[in-house]
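Take a look at the structure below.
The chain is numbered in sequence order, starting from 1.
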Amino acid sequence: MEQLEEWNQTTTGFFLLGLFPPTKTGLLLFLLVVLIFIIASLGNSTMILLIWMDVHLHTPMYILLSQLSLMDLIYICSTVPKMAVNFLSRDNSISLVGCGFQSFCFLLIAAAEGLLLASMSYDCYVAICHPLHYPILMNKRMCLLMIAGSWVSSSINSIFHTVYALYLPYCKSRIINHFFCGISAMLPLACMDTWVYEYAVLFSTNLFLLVPFLGIMASYGRVLYAVHHMHSSQGRKKAFTTCSTHLTVVSFYYAPFVYTYLRPPSLHSPQEDKNLAVFYTILTPMLNPIIYSLRNKEVLGALHRVFGRSLLQKE
């Protein structure tokens, strides 16, 4: 502890407590996270490459899906490598720049992914409820505008919060009880009253999480109603499979976020928040490409076409 206190007073960076204790159990859990990181990186990279290479997947739905894979890739790459270096080196320090980078990436992807999932739900709604108007309502131009809107608005939001958080005076402690730098974990360390800024954080959370979530629920409510009244059993089955895949991804994304960020601060526990963060920063990026590839015949067909062609060329 003395070493931590001395480190606290002589640096402008921070000290991350990390995710696992330096024990045999901690090492096993660490190796599991590394395995998940490898699977997530390969899965999302493959999905991006596949959608880029296969012309059959050059549709708004799959272009949006490629952006989801890119976001998941940034998510997991901005947290796990630094956590791994800290765990292996037994040096849990992180520079102010490194902390700002992690905070920016986390806020950027958290907001952008919510907006992107709302765009995907709109795409699904138009495809099922207004199929004849789909080429007009959901063309590639509209798709690119949705993607640009997600990235730009999220970037502005994350820059504002990251810059403000880094300029706060931290005189209590530099020890962050987390495995990456997040605004919610940094605020308790500030030596000034941050209640006004906490309201700004709550406003951003509602704007980038709650509003898209309400849009998603409205879209899928209309979709499920339309699916229920379909006369074709085959069309109903195909539509339900597509919707259930999207809803599974939405549930994995929103459940831990809502539980973490829309509860009163008095009900928060640092350890609980840290455990929930594992779900949306590490597990979800691994699960998303698996869900979309295993439950989607077009993605499986593209895998066969692209990689089957590559194998034949080698022979």
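- His246 NE2 to Tyr220 OH: the interatomic distance, rounded to the nearest 0.5 Å, is 4.5 Å.
- Of the possible donor and acceptor atoms, one in the side chain of Ser154 sits under 3.5 Å from a partner among the backbone N and O of Ala112.
- The shortest distance between side-chain heavy atoms of Val126 and His133 does not fall below 4.5 Å.
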Can you check side chain to side chain contact (heavy atoms under 4.5 Å, CB included) on Leu107 and Phe208, steps first, answer last?
-> CA-CA 10 Å; Leu107 291 168; Phe208 287 96; over 6 Å; no
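- Both Leu49 and Met286 are part of a single hydrophobic cluster, where members link through side-chain heavy atoms under 4.5 Å apart.
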Candidate pair Tyr280 and Phe252, rule side chain to side chain contact (heavy atoms under 4.5 Å, CB included), full reasoning = CA-CA 7 Å; Tyr280 53 75; Phe252 281 153; over 6 Å; no
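- Other residues, nucleotides and ligands contribute over 12 non-hydrogen atoms within 6.0 Å of the CE atom of Met61.
- Tyr75 approaches Thr79 most closely through the heavy-atom pair O-OG1, 3.4 Å.
- Put simply, the side chain of Phe30 reaches to within 4.5 Å of the side chain of Val34, judged on heavy atoms.
- Residues Trp151 and Met71 form a side-chain contact, since some pair of their non-hydrogen atoms from C-beta on lies under 4.5 Å apart.
- Note that the CG atom of Leu96 and the CZ atom of Phe101 stand 14.5 Å from one another [nearest 0.5 Å].
- Two different hydrophobic clusters hold Val55 and Ile63 under the rule that ILVMFWY side chains link at heavy-atom gaps under 4.5 Å.
- Looking only at distances, a side-chain donor or acceptor of Ser204 sits under 3.5 Å from a matching main-chain atom of Ala200.
- In the model, Asp123 has a side-chain atom that pairs as donor or acceptor with a side-chain atom of Tyr134 under 3.5 Å.
- The CZ atom of Phe180 sits 9.0 Å away from the OG atom of Ser103 when rounded to the nearest 0.5 Å.
- Thr281 and Ala277 make their closest contact through OG1-O, 2.5 Å (heavy atoms, listed as atom of the first residue, atom of the second, distance).
- Here the shortest heavy-atom pairing between Ser121 and Gly215 reads OG-O, 4.3 Å.
- Cation-pi check for Arg222 over Tyr125 is not met; the charged atom does not lie both under 6.0 angstrom from the ring centroid and within 45 degrees of its normal.
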Candidate pair Phe179 and Lys274, rule side chain to side chain contact (heavy atoms under 4.5 Å, CB included), full reasoning = CA-CA 7 Å; Phe179 61 94; Lys274 189 159 58 172; 3.8 Å; yes
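- For the pair Asn44 (side chain) and Pro285 (backbone), a donor-acceptor distance under 3.5 Å is present.
- Here the shortest heavy-atom pairing between Pro135 and Pro131 reads CD-O, 4.0 Å.
- Both Leu27 and Val33 belong to a common hydrophobic cluster when Ile, Leu, Val, Met, Phe, Trp and Tyr are linked at side-chain heavy-atom distances under 4.5 angstrom.
- Across Thr162 and Ser158, no two heavy atoms sit closer than the pair OG1-O, 2.7 Å.
- Side-chain contact between Asp72 and Ile76: absent, with no pair of heavy atoms (C-beta onward) separated by less than 4.5 Å.
- The main-chain N or O of Thr248 is never found under 3.5 Å from a side-chain atom of Tyr253 such that the two would form a donor-acceptor pair.
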Starting from the C-alpha separation in whole Å, work towards a yes-or-no answer on ring pair (Phe, Tyr, Trp, His ring centres under 6.0 Å) for His161 and Tyr197.
-> CA-CA 9 Å; His161 285 292; Tyr197 177 62; 5.5 Å; yes
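- Side chain of Gln102 to backbone of Cys181: a donor-acceptor contact under 3.5 angstrom is found.
- If you chain together hydrophobic residues whose side chains sit under 4.5 Å apart, Ile109 and Ile156 never meet in one group.
- Between the Ser45 side chain and the Leu42 main chain, no donor and acceptor come within less than 3.5 Å of each other.
- Scanning all heavy atoms of the two residues, the minimum distance from Lys82 to Ser93 falls at NZ-O, 3.2 Å.
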Please lay out, stage by stage, how Leu73 and Ser41 fare under the test side chain to side chain contact (heavy atoms under 4.5 Å, CB included).
-> CA-CA 6 Å; Leu73 199 58; Ser41 299; 4.2 Å; yes
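- In this structure, CD1 on Ile176 lies 5.5 Å from CE on Met186, to the nearest 0.5 angstrom.
- Side chains of Ser153 and Leu115 form a contact here, defined as non-hydrogen atoms less than 4.5 Å apart.
- Taking SG of Cys99 as the start and CZ of Phe14 as the end, the distance is 5.0 Å to the nearest 0.5 Å.
- When the side chains of ILVMFWY residues are joined at heavy-atom separations under 4.5 Å, either directly or via intervening members, Tyr164 and Tyr170 end up in a single hydrophobic cluster.
- Between the side chain of Ser66 and the main chain of Ile51, no donor-acceptor pair closer than 3.5 Å is present.
- When atom types are taken as modelled, the side chain of Ser95 and the backbone of Gly98 share a donor-acceptor pair closer than 3.5 angstrom.
- Remark: His56 NE2 is loosely packed, at most 12 non-hydrogen atoms of other residues, nucleotides or ligands lying under 6.0 Å away.
- Taking 4.5 Å as the limit, some side-chain heavy atom of Tyr62 sits within range of a side-chain heavy atom of Leu65.
- In summary, the side chains of Asn92 and Asn86 do not present any donor paired with an acceptor at a separation below 3.5 Å, with no hydrogens or angles considered.
- Contact of the Met138 side chain with the Leu64 side chain is registered, since non-hydrogen atoms from C-beta on lie closer than 4.5 Å.
- You'll find the side chain of Leu35 stays beyond 4.5 Å of the side chain of Leu31, heavy atoms only.
- Judged by a 6.0 Å distance limit and a 45° cone about the ring axis, Arg90 is positioned over the six-membered ring of Phe87.
- In this structure, CG in Asn157 is found 10.0 Å from CZ in Phe104, a value given to the nearest 0.5 Å.
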